Amino acid sequence: MGLIWWQSYMAIFALCAFKTTCLDTFIAAVYEHAVIIHPEHLRPFSQEEALNLMNKNMDILEQAIISAAKQGAHIIVTPEYGISGFISNRLKIYPFLEDVPHPMVNWTPCTDHNRFGNTPVQGRLSCMARNNSIYVVANMVDRKTCDPTVSKCPSNGYYQYNTNVVYDSEGKLVARYYKEDQFDTPFETELVTFDTTFGKFGILTGFDILFHDPAVTLVEKLKVDTIVLPVAWMNNLPYLYPTAFHAAWAMGMRVNLLVANIHNTVSQMTGSGIYAPDSPKVYYMDMNSENGTLLLSQLDSHPKLSPPVNWSSYANSIEPFSTEQEEFKASILFDKFTFKELINDTGNYTVCQNTLCCYLSYKMSEKRTDEVYVLGAFDGLHIAEGEYYIQICTLLKCLTTMLETCGRPVENASTVFDMFSLSGTFDSQHVFPEMLLSGLQIAPGEFEVLNDGRIVNENGTSGPVLMVTLFGRQYEKNKPTNASIDLGSALLMRIITMVFVLYSSIW
Ligand SMILES: *[C@@H]1O[C@H](CO)[C@@H](O)[C@H](O)[C@H]1NC(C)=O
Ligand SMILES: *[C@@H]1O[C@H](CO)[C@@H](O)[C@H](O)[C@H]1NC(C)=O
Ligand SMILES: *[C@@H]1O[C@H](CO)[C@@H](O)[C@H](O)[C@H]1NC(C)=O
Ligand SMILES: *[C@@H]1O[C@H](CO)[C@@H](O)[C@H](O)[C@H]1NC(C)=O
Ligand SMILES: *[C@@H]1O[C@H](CO)[C@@H](O)[C@H](O)[C@H]1NC(C)=O
Ligand SMILES: *[C@@H]1O[C@H](CO)[C@@H](O)[C@H](O)[C@H]1NC(C)=O
Ligand SMILES: *[C@@H]1O[C@H](CO)[C@@H](O)[C@H](O)[C@H]1NC(C)=O
Ligand SMILES: *[C@@H]1O[C@H](CO)[C@@H](O)[C@H](O)[C@H]1NC(C)=O
């Protein structure tokens, strides 16, 4: 650790001493891109057709980059698959690949075109950064030749990596990051950072954010100030809904987070934002339009942090509430939660599962007969879209008044809460506090997280409540310590969700 610390200290020192003074704040931009897609049912493209499609997507990204730069942005993040369109098939992605060298080669593709063969995508991205004096984060697919007789080498003789690239404001390649599992898995989990005059950055892609390595290590060991996260993230209600989960992760991890999602309503992908640890700054989700959107916000280069929360302190200090109320089981994203229905307009509830006990005190403005709310607890191994241990306490609106619909996706509600306080006996110190109001709105400033681990609202919610959740990740208990069994490809996620919807409707 000493060496890494020293290196990054020297890097920051060098950047700030010789280029310009360090900035206390900077302007971040993320672009939710309505990406043009190669229809999956078509035959594979020729290289020329692939480049045509990528240029069409880059034409759109270029307009966003020019607009962000004109508004003073220092960095812009664009989505996963934002250039190629999402393609889950190794064969079909092949004509889209370019060889992306390691940044240590010190390369500015804009001014040095042919140094690594034919690299039109990298050349263009580098020029967009250079011509507009802005850092550009983009996602593409890298290929690396290998010997097909060697056991791990794919039969076509190429490793193919879902890859983020970062160009600095002079167009130099400063970072290259391989996603954990799409299309091939890197030999080692990559910890990729880059230093700027506006703080230290770390890079992840999509569902990598759910795992200890690289996500938690970037924040806690390598001490990055800001994470950039290109995603192709579906509307995974309730607690993996993109804006709510990303806002909660920034808050729980105490780091700035810049998320650019694809905009594709058919695949239910929308939800991008700029999130600071104290509050979301700007965010966007819209299922009713087909347009992309540019978001900008000022952020602290080194976010000011309040003292860390002890997530179990309150819940461990009190006796379980003795409310007589029958428990029942229902599934959220395949996980069997233990629930209790909130019968009255006010109450104090405890629900436990394994070692986790969840505590809720609440008051609704009225108890409606056409809506059911529950308190739920889950403590165990989550198995859909990757396997990982979670502990969750959740206050949730059920889809209908039938209890078996609790946990199914629901998008609107009518019940306003006058107050709530939710907490749990979490083992983990990695807990992400989430809230969604009717219409899938996150609610900045409508809840507080107290030092003793309670998420509270004292003065009433501004709208009806869909969900209040404490999402705990038990990284210590993870069997795979990396994301290698993450199945988070867009297509697979879609199939799982479809199966889930089917499964829910059968039951
Ligand atoms: C960048 O500027 C150069 C020189 O002015 C120009 O040739 C090139 O087309 C520009 N590229 C982009 C992507 O803006
Ligand atoms: C990731 O996890 C898999 C499965 O446990 C293991 O085989 C692989 O070696 C791990 N990779 C790294 C980089 O730790
Ligand atoms: C979407 O973009 C089109 C074309 O640029 C524009 O005409 C339309 O007003 C936009 N719609 C919304 C809802 O912003
Ligand atoms: C959290 O608080 C409990 C009791 O209030 C204490 O036993 C525990 O050590 C604290 N945990 C941390 C990580 O500080
Ligand atoms: C609900 O209110 C009724 C009437 O005041 C009371 O008898 C009952 O115990 C309450 N139930 C719960 C679960 O709080
Ligand atoms: C819930 O607990 C609080 C404080 O412990 C108490 O003031 C309140 O009356 C309780 N509410 C109900 C409905 O039991
Ligand atoms: C609420 O959601 C349900 C189910 O999705 C839908 O039928 C209903 O029209 C929605 N109500 C409003 C007010 O949007
Ligand atoms: C709730 O209202 C009181 C009185 O107006 C105020 O002092 C307090 O700061 C408010 N709490 C929150 C979390 O806004």
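In each ligand, atom 1 is the first atom listed, and ligand 1 is the first ligand listed. Note that this is a predicted model, so its numbers are computed, not measured.
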Only counting residues at least two apart or in another chain, list the ones meeting ring-ring contact (aromatic ring centres under 6.0 Å, His included) with Y239.
F471
Report yes if the side chains of M435 and L466 come closer than 4.5 Å at any heavy-atom pair, otherwise no.
no
Indicate whether the side chain of N162 and that of N139 have a donor and an acceptor atom separated by less than 3.5 Å.
yes
Tabulate distances under 3.5 Å between N/O atoms of ligand 6 and N/O atoms of the protein, writing both atom names on each line.
residue: ligand 6; atom: 2 (O); partner: N348; partner atom: OD1; Å: 3.2
residue: ligand 6; atom: 2 (O); partner: N348; partner atom: ND2; Å: 2.4
residue: ligand 6; atom: 11 (N); partner: N348; partner atom: ND2; Å: 2.9
residue: ligand 6; atom: 14 (O); partner: N348; partner atom: ND2; Å: 3.3

Are any of the N/O atoms on S312, whether in the backbone or the side chain, positioned under 3.5 angstrom from an N/O atom of ligand 4?
no
T226 versus N256, side-chain donor and acceptor atoms under 3.5 Å
yes
Subset of ligand 5 atoms that lie under 4.0 Å from at least one heavy atom of Q325:
13 (C)
Do F26 and F198 have ring centroids that are under 6.0 Å from one another?
yes
With nothing but distance in play, are any N or O atoms of Q429 less than 3.5 Å from an N or O of ligand 4?
no
Cysteine SG atoms at C358 and C352 closer than 2.5 Å
no
Check: D345 side chain, E366 main-chain N or O, donor-acceptor pair, under 3.5 Å
no
